[in-house]
Structure formats: structure tokens, C-alpha cells
Amino acid sequence: MVTIYNLMYFTGVLGFIVGLQRLGHPATAKKGNLFAAGGMVLAILASFTTPLEGSHGNYLWIFTGLILGTIIGYRAATKVQMTEMPQLVSLFNGLGGACAVLISLIEVLMKGNEGIPVLGLISLLLTLSIGSVAFSGSLVAWAKLDGRLRDKTLVPPYPHIFNLIVLVACVGMIIFLSFDQSLLFPLLMVLMLISLVYGITFVAPIGGADMPVVISLLNSFTGLTAALAGLIYDNQLMLMGGILVGSSGIILTVLMCKAMNRSLGNVLMGAFGSSNSSTTSAGEDHRQAKELSKPDASILLAYSSSVMVVPGYGLAVAQAQRVCKDLDNELSSRGVHLSYAIHPVAGRMPGHMNVLLAEVDVPYEKLMDLDQANEALPNVDVVLVIGANDVVNPSAREDSNSPIYGMPILNVDQAGKVLVLKRSMSPGYAGVQNPLFFNDNTFMLFGDAKASLGELLAEMKTGVLV
Amino acid sequence: MVTIYNLMYFTGVLGFIVGLQRLGHPATAKKGNLFAAGGMVLAILASFTTPLEGSHGNYLWIFTGLILGTIIGYRAATKVQMTEMPQLVSLFNGLGGACAVLISLIEVLMKGNEGIPVLGLISLLLTLSIGSVAFSGSLVAWAKLDGRLRDKTLVPPYPHIFNLIVLVACVGMIIFLSFDQSLLFPLLMVLMLISLVYGITFVAPIGGADMPVVISLLNSFTGLTAALAGLIYDNQLMLMGGILVGSSGIILTVLMCKAMNRSLGNVLMGAFGSSNSSTTSAGEDHRQAKELSKPDASILLAYSSSVMVVPGYGLAVAQAQRVCKDLDNELSSRGVHLSYAIHPVAGRMPGHMNVLLAEVDVPYEKLMDLDQANEALPNVDVVLVIGANDVVNPSAREDSNSPIYGMPILNVDQAGKVLVLKRSMSPGYAGVQNPLFFNDNTFMLFGDAKASLGELLAEMKTGVLV
Amino acid sequence: MITEFLSFIQENLLMLYALAFAIFLGFELISKVPTVLHTPLMSGANAISGVVIIGAITLIRLSEPDDYLVLVLGVVGVTLGMINVIGGFAVTDRMLQMFNKKK
Amino acid sequence: MITEFLSFIQENLLMLYALAFAIFLGFELISKVPTVLHTPLMSGANAISGVVIIGAITLIRLSEPDDYLVLVLGVVGVTLGMINVIGGFAVTDRMLQMFNKKK
Ligand SMILES: NC(=O)c1ccc[n+]([C@@H]2O[C@H](COP(=O)([O-])OP(=O)(O)OC[C@H]3O[C@@H](n4cnc5c(N)ncnc54)[C@H](OP(=O)(O)O)[C@@H]3O)[C@@H](O)[C@H]2O)c1
Ligand SMILES: NC(=O)c1ccc[n+]([C@@H]2O[C@H](COP(=O)([O-])OP(=O)(O)OC[C@H]3O[C@@H](n4cnc5c(N)ncnc54)[C@H](OP(=O)(O)O)[C@@H]3O)[C@@H](O)[C@H]2O)c1
């Protein structure tokens, strides 16, 4: 009875919905992932057991693919470093796009000579084109995040105009093919090629730091191709699941931009974040930042009663989480009350700092979110800023001309003293100078974060200060 | 072309969705209402212009109904007092239910002798039955809120068992009729009667104060009947609109209960709130509450620098909002900083206090919500509690045996002094004694709220205290 | 009857999806609404539930022009439904006046 | 083509509803998610977008048992899709480990 299998698909979609719903709350997120995975298992089961007219079985082939995919996917997911997750997600997303491309190619191979009804053909062409964009775009995003691709490579001349032309070419070909199928095969290849190029030139100009946003957008594209493929096979699960991912991907993309106080358009234009624009310091600050020696700094820390650590992108770059935790242990054993302030967009992906600190088992209770931290800050003796910059930049509060104006920040300037660990005076992601560094109660400790923290720790351990 | 009309219906449903979405945010709520209304206009337009096989027009009849309904509905809505809105909504909802009942009756009248396919029949019977429940239940809720029906009238003996039997009878009849249509007409009347009875005996045992919750639930029932009717006519707008209202009604019901710190089951069992159980004061407090004379109280108020008014159900009963505003003016002219703390469930319906205060033009900026008020309270000189009780009961914080334990309250006991205006020591809605009244810094002013406030104002105006 | 039901589902699969989505959507739309808006929201939803009126209108259109029982019942139905609709939206609008002053 | 499109809509009205609801639902489900969950949510959604694999499976089932071009392309498709699915859910789960310690 086909109904049973259709109900399995239906339940699968419910699994996706409940899963997405649960994934949105910290307390239920793990369960949500299981719900979604359960839905997928049901769907896959249904897809090869449901009665299918004209089926030739070929189960061995199917199982081969399923098993291969399971092994590779599982190994990749478990082997990789926590901080390399974004590029992995990007890679996975690219593979999903490639799968959609293959499907549409095979479909045309199998049915092309009979002539395909126009609505079906349009779906096929869109699947092929969008899938290709998702594929090549995801690969570029992956390469950028993985440090294999510098920010300025692969950027075409006049990128915005170039991309517009390529986009128009894609759309034009789809329209043409839907009227005239005589050259279907060759033109299909051309369409695929152009789409692949578009994926590359669309992502290449965007700064590496903005890749999480781009991945989320491309993910929404893959969802769309799944939905289109669902139309082709008249499969409601693919259709609905794809649309769900498509629309939630879009809104997630927008939310990510909002959290960084930027618009989606601004991100896609590569307006800042790409390294070339990163030195627009607002009118050169001529004041002098004060330095503190490592011994003095370690005394300051060891004899304060409360310390708040503000980690940022630099902590990730320096891979200083382990030594940071060691310092935490040392200070705690000396009776210093230590906590961590996690800004929502510290680092380069949402949850970046949480991942790093979880890796070295910093207990969850020591983490404070933005609001908690800002409430506690006026009573904190010393703030230790480790490779953070934009997220503690008071211009966001005070200077309405600053590009980050309006972004909620950690008000570390309200604490007793501020120690900043970074390598130089150069700015962070947003490319703006940070007036915090010139405050009376701010002291700089220049150097790589890992090295600096190591020295501080060594100072304390040598026992000069008991 | 039928498609156009179907797209009109489709747009109508989108209007409902966007409307509900916007209605959920204070800033967009008015627009949301317009969206929903626009959707409805489209739907009604489509319903009498769409091509319909077997249509005889009869447009004069339709317009008569539309115009009559518009006039009556509009007059009722604009004439009624703000505070009588809940009963009006209940009445409207009842009429919607009645409309569904009429539809199903006519449908059976027109098609009954030909024999109706079983699924269609079940939809019809459910529409009839649920519509009847919504109709009679809403009328009872209306009568209770309007003070036309006391809490103990119409309650059957052993109400829970009685209701269970009636419910089983309804379901049984529907099942029987779906197998055997020979006695359709007479049994239909019986089903309608039983359902009407159920509506009455279901609502009657529930305390008058809980009627908003009941109305929301019955509203969800009406939505369900609309959806069922949509099945009968194969009309997607009715189906989808009805389901939307049905599910949002249910969740709204649950949210309302949660805001009162109760479960839906607890409300429906009539567990408290009905007047008979309202004197379970936890172990009689033998301490003495202190009274304050009106002159002393007015001096206290006039010479304090900040006063926070906490209005409650008693303000509504006494209709004391006007004189309260007068007192506000007087105090403000004396330089006293005055604000209002609005507890989310003060009064007997959500937004009750907002409505009352808006009536006398208290500016929105003077209103504080729970969190703002609790933050400000430690710095307030005098709190003036006007006919509020449960919402300022510290047992909710301290006494884990109290039925209101866990409900967020206004921590007025943290302010300098507390003046309580009520008529006696009797408890409020939850039926529990309030330890606040026995605090050292609490003073009672017994009497009707309107009268007491009037006296306070007169004291100030006589000029004894300049 | 079971088979009838199953084949009904089979023919109306998309309806099943649409219904399930509508239910979830109803939940999600309402689940984070502030308490002050409960009453206007209830009233607005109530107005929407007046869509039953579409059924009454359709019935009148389908009735024989001399079947006065159906016509009269139908007009009563349309009237009641329209009261629900117009009254509901008007009441909601009035309730929401008080938010006007905000911001 | 316009009429083809219109009649397509007419025949698939319920699909139109289901799609619109799914779009709204996707928006509503995500619209109030805290920032820390953005990355796992993205990854979870990415795993779900692996449903394209259903298409690849169906294609293999429909292929002639000796049409090796289609079969091989199909297996590649299934493999890629499955990597996306399994890898996606596994990565999401790993990311969410860090919330385990909460509460
Ligand atoms: N979380 C997200 O989802 C996300 C995604 C994309 C973009 N963003 C954006 O990224 C920014 C995050 O702010 P943030 O404060 O974390 O970082 P940031 O503003 O980018 O600043 C990072 C700082 O770390 C320092 N640094 C780099 N390597 C270092 C090392 N090895 N040792 C010590 N210091 C080092 C750099 O200064 P030196 O060169 O002088 O050392 C730099 O100023 C925000 O603007 C946010 O909007 C966030
Ligand atoms: N807002 C909602 O949606 C809603 C709906 C249903 C139930 N509820 C429940 O209702 C309660 C609301 O709390 P509340 O503090 O506003 O009210 P309350 O706890 O019910 O207390 C009202 C008090 O007002 C006094 N009062 C009555 N008439 C008065 C008059 N004419 N002049 C002066 N005082 C008068 C009464 O005391 P005397 O008799 O001594 O004067 C009574 O103690 C909560 O328990 C809530 O859960 C709320």
C-alpha cells in the first residue's frame, strides 16, 4: 500500500520541522538534531522500499553508495578539529549541491531524447544551475576558510558587473532552453559550466571572515535544489524539506548579518571584512597606548580578586585556549575569581569561543553572555582581553560614524583595569582603530597570545610572587 | 477563470498568517489586524464572485445578510465599554459557532435524502456538534462575564462525571450515524441538543474569572468548525484559516494559563477561581495588619519623592481609574514622581489594566512592566496598591506550598512604604491570604477603592497640606 | 471505512502536509507573544474564525431561489458570521488603540 | 506557457498552500534563535538539505540494470548525498556537545 510509504515521508517531514524547532533552543538542541536525523532515516528507508513503477531494483548499487557515504561522512565529521567545522559544513553542503547536479544530469540523459514537458524541464535546469552554484561556491568558501585560498585570488575584474553578466547569461539560457530543446545536451553542459563559474566569482570577492554567512546562504540554495528535485520526482518530502531548509537558511543568513551589525547586501558586496579595506582607521589616533611588562601584568592578575577573560579571534588564531585554561587554573588556585565573557560574534563564526573553551573543558558556569558580563563588569578588577578587538570597541557605543556603531559590545572600559593581549596595534575584522587601547586604565601586552599567556603563567609559577 | 479566485483565497490565507504574525508584536499589532481583515475581505469577495456550478445567484439574500451583519457587528463593537470587550468577543465567537451550526443543518436539509458519503457526513456531524458546543459555551461565558449568571448556577450534579457521559454520548451518536443514516434527521436534532447541553455544563463549573481562558479555547473550537466546513465545501481558505485559528487558539489558551501560573487542566476543572473555594487561607495569620488614616496617608503620599501605583482587579471593580488619574495629576503637580506598575495578569483579562489606564489617558511612558518595576522598586518611596492582591503576594516567592508559588510578582515589599487600598482582609482571585499586609512597612486603607482615592484627593486639595 | 480513509489520505497527501504545516505555523506564530497582547490576539483570531461565513454564502448561492427555508437560514447564517467578522476586527482595532501611544 | 502555468497552479492549489506555509514556518522557526546556535543550526539545516539523496536513490531504482553510466553517476550521487546527510548530522551533534554541560 503506497499510503504507508507516503505517511513515512510525511512523518519524515514532521521530524525535520520538530528538529529545526528544537535546534533553536540550547536546552533541546541535541534532541532536535536527533529528530531531524530520525526524519531522514525514515525518508531514506521509504525511498527504497516504496513501490515504484518501472523499478529495476539495483539495490546493491544503492547500498554501495549509502555505505560509502556513511563511512566517509562519519569519519570526516568525527576526525576534524572543532574549529575546522565551518569549512567541513561548507564542504558537505557542496557535496549536496553536487548530488543535485548529478540527478538533473542523469534525468536529462534518461529522458532527454523523448522531449521533456516544459515545467519539468525548467525545474531540471534550475536544479542543475543552482546546484552547480552551491557546489562551486561551497568549495571556494571551504578553501578560503581552510586557508587554501587567499582573499584576492579568483576575483574577476569588475566583479559586480562580471557576476551580473554571468547571472543574466544563466537565466537567459534557461529561458531559451525552455522554448527550444533541440540543443539540449550541449547547452546543458554550457549552463552547468557558467553556473560553476558564477559560484566561484560570486564567493571569491567576499572576505574570508564572512564565509559563515555565505555558507548559510549557499545552504539555502541547496535546499532550493532539493525542493526543485522534489517537483521533478513528485516527492513531497524532498519538496517540503527543501523549502523548509531554503527559507530557514535565508532567515538564518539575515540573522547572522544582523548579529554583526551589517546587512546581507553589505556582506555580499564584500564591503568590509576583505583584507584590502581593513585600514580605514577613523582619523589616526595620536595618543600613545601604554605597555605593561609581563612581570607587572602577572602581579596585577595574581593579586586581583576578580578577573574577567574576554576571548576573541586572536585566541583562535594563536590556538591559546589550552594555556589560557592553565592560567585559569593557576589564578583560581590563588583564590582569584575568574570568569569568561563570551560576546555573541567574537571570533569568526557563531559559537566560536564556546567551541574553543569547551575543547579545554572550561566549565559552562564560568561563561557569561553579553548581558551578564556587562552587568558584572563594573565590579571586575581586571579584564584580560585575549585577541579580541571589535567586540570591546567603545566606538560602537560612542562614535556614530564608526561602521560598527550600534553593535552591542562588552563594556570592558567600565572595569578596574584592562589588559589587552595582541600582537600589534593593527585593527580587527571591522578594520577600525579601537580607542579603548588609549584609555588610562588600559595596558597593552604585545605579542602572540599563546606566547604572552605562557610568559604570564611562567612568571606566576617561578614563585617570585607567592 | 477559476484560478484567479483560488489565488484570491490563497492571498486571503496569506493575509491571515501575516496578520497573526504582526498581531503578536506591540509595534505592528494594528497593522496585523488590518492584514487579517484585508484577507477576510478578499475571501468574502471571492466567495460570491467565483464561478460555482449549480449557482442560482440569490445575491440579494447574501447582501442582506452581509449588510445586516456589518451594521450590527460594527455598532456592537464601537458602542461597548472597553472593559466589556471580553464578553463581547465571547458573544461574537458564539455567533460564529451558530453560523457553523446553521451551515451543517442546511447542508443536511439539502442533501440528506440522497445519502451523504461517510467522510463528508462525519465532517458535517462534527461541525454541528463542535459548533453547538462553541455556541452555547460562549453564551454561558458571556453571561458570566456580564454578571448575568452566578458562578454556581447551571452546574450539573457531579459535573465532571456528567460531562464525561454527555461527551461520550456525542461521540457515540456521531459514530452510530456514520454507519446508519436511516434516522439522520431526528438524531441530528438530538446530537445538536446534547452538544448544546455539553457547551453549557462544560463552561458552567469554571469560575467567572477564568472566562478569558475559556473564550480562547472556544474560539479555537470555532476555528475547527470552520476548517471542517472547509472540508465539506472543498474550500481551502476555510480549511486553512480554520486550522490556523484552531491551533493558535489552543496555544494562546495554554499561554494564558501559564501567565497565571496554572495548567489548562487545572483551569478547566474549575479548581480555583470559582468563588466557593476562595477561602483556603494558608493557616490563618494571627498577626495584625496596621491601618493608616486617610489624612496620614495623603501626607505620606504628598511628601514622598517617588510613588508607584500598582493597580489590580479592585481598580476595575470600583471603576476608580478616573479618580486615580486625578490623584496622579495632583501628585505630579506637587513634584512627586509617579509611575504605574502593570503586572501581566493583574485584573481578569490580559491587558485589563492597560485598557483601564488608557481610558483615562495615562501616558504610556508612565507604565512599567514587571521587570522594569521590580528593578525600580527598591528606590521607590511609597507603593500605592489599588485593589491588587495576588500580584503583590510574596508567598509566590517564599512559600512553596502556596498555589501561586512560582508566579512572578511585583516585589513591592522592597519599597520604602506600602499603602494597600482594599475593602477588607479577604483574599483575591487565588483565594490565599497575603502576608504582605502584615509587614512592618505595609499600611492598609480599608474601603472601596474609588471612595478611598477620592478622600485622599480631597485631603490634599483642601490645602491643609500645602 | 478504514480503506476509505486511507485512500482519502492518499488522494489528499498535500492537504495533509498543508494542514500539518498550518498547525505548526499557528503554534509558532503565537508562542512568543507578550501577555498584554493576549486579549487582542484572541479577538483577532476570533474574527478570522468567522471564515465560516464563506460556507453560508456558498449555500445561499446554491439554494433554489424559492427554497425559502434554506434561504432564510442562510441569511441568518451570513448575518451571524458577518457580525463575528466585522465586530471581531472592529473590537480588536479598538483594543489596539492603546498601543498607539507607544513609541 | 502562461496557461500551462495557471492550470498547473489550479491542479496543485494545495501544493501552493503547503509551500507557502513551509516558507513561513521556516522563517518562524528560526527567527528567534540565540546567536550561539547559529552554527549548529546551519549545520543541521545543511544535513536536512541532503534530502536530494532521495532523488538519486529513485534514479538508481529506475535505471536499467545494464545502464552503467546512469548507475555509476547515481552511486556517486548517493554517496555524495549520504556524506552530506551523515556528516552533517554527526558534525551538528559534535557541536552541540558543548551545550551538554549546561544546566
Ligand atoms: N562570530 C561570527 O559569527 C563572526 C563571523 C564573521 C565576522 N565576525 C566579526 O568578527 C569580529 C570579531 O571580533 P573579535 O573581537 O573577536 O576579533 P577582531 O575584532 O577581529 O580582532 C581580533 C584581534 O586579534 C588579534 N590577533 C590576531 N592574531 C593574534 C594572535 N596570534 N595573538 C594575539 N592576538 C592576535 C588581532 O590584532 P593583532 O593583529 O594586533 O594581533 C586583532 O585585532 C567582529 O567584528 C564580528 O562582527 C564574526
Ligand atoms: N489578567 C488575567 O488574564 C487573569 C485572568 C483570570 C484570572 N487572573 C488572576 O487574577 C488575579 C489578579 O490579581 P490582582 O492582584 O489584580 O487581583 P486579586 O488578587 O484578584 O485581588 C483583587 C483585590 O481587589 C480587592 N477589591 C475588590 N473590589 C474592590 C473595590 N471595589 N475596591 C477596592 N478593592 C477591591 C479585593 O479585596 P477586597 O474584597 O478586600 O476589597 C481583592 O483582594 C491573579 O491571581 C491572576 O492569576 C488573571
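Here is how names work: the chains are called A, B, and so on, in the same order as the sequence lines, proteins then strands, and each is numbered from 1. Just so it is clear, the structure is predicted and the values come from calculations on it, not from any experiment.
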(request) Could you look at C/Phe24 and say if it's the side chain, the backbone, both or neither that has a heavy atom under 4.5 Å from chain A? (result) side chain
(request) For chain C, find its close neighbours in residues 12-24 of chain A: heavy-atom separation under 4.5 Å, sorted by number, or none. (result) A/Val13, A/Leu14, A/Ile17, A/Val18, A/Gln21
(message) Tell me every residue that passes salt bridge (Lys or Arg N to Asp or Glu O under 4.0 Å) with A/Lys31, counting only those two or more places apart in sequence or in another chain.
(response) none
(message) Quick check on C/Leu16 against chain A: is it the side chain, the backbone, both or neither that has a heavy atom closer than 4.5 Å?
(response) both
(request) With sequence neighbours excluded, tell me which residues meet side-chain hydrogen bond (donor to acceptor under 3.5 Å, both in side chains) with A/Ser248. (result) none
(message) Please enumerate all residues that pass side chain to side chain contact (heavy atoms under 4.5 Å, CB included) together with A/Ile243, with sequence neighbours excluded.
(response) A/Ala227, D/Leu19, D/Ala22, D/Ile23
(message) Please check if the number of heavy atoms outside A/Tyr59 that lie under 6.0 Å from its OH is greater than 12.
(response) yes
(request) Name the region of A/Leu7, side chain, backbone, both or neither, that has any atom closer than 4.5 Å to a heavy atom of chain C. (result) side chain
(message) Looking at every non-hydrogen atom in both residues, tell me the closest pair between A/Glu107 and A/Tyr233 and how far apart they are.
(response) OE1-OH, 3.0 Å
(message) Strictly distance-based, threshold 3.5 Å: is any side-chain N or O of C/Ser63 a donor or acceptor partner for the main-chain N or O of C/Leu59?
(response) no
(message) Closer than 3.5 angstrom, by distance alone: can the side chain of A/Asn261 be matched with the main-chain N or O of A/Tyr405 as a donor-acceptor pair?
(response) yes
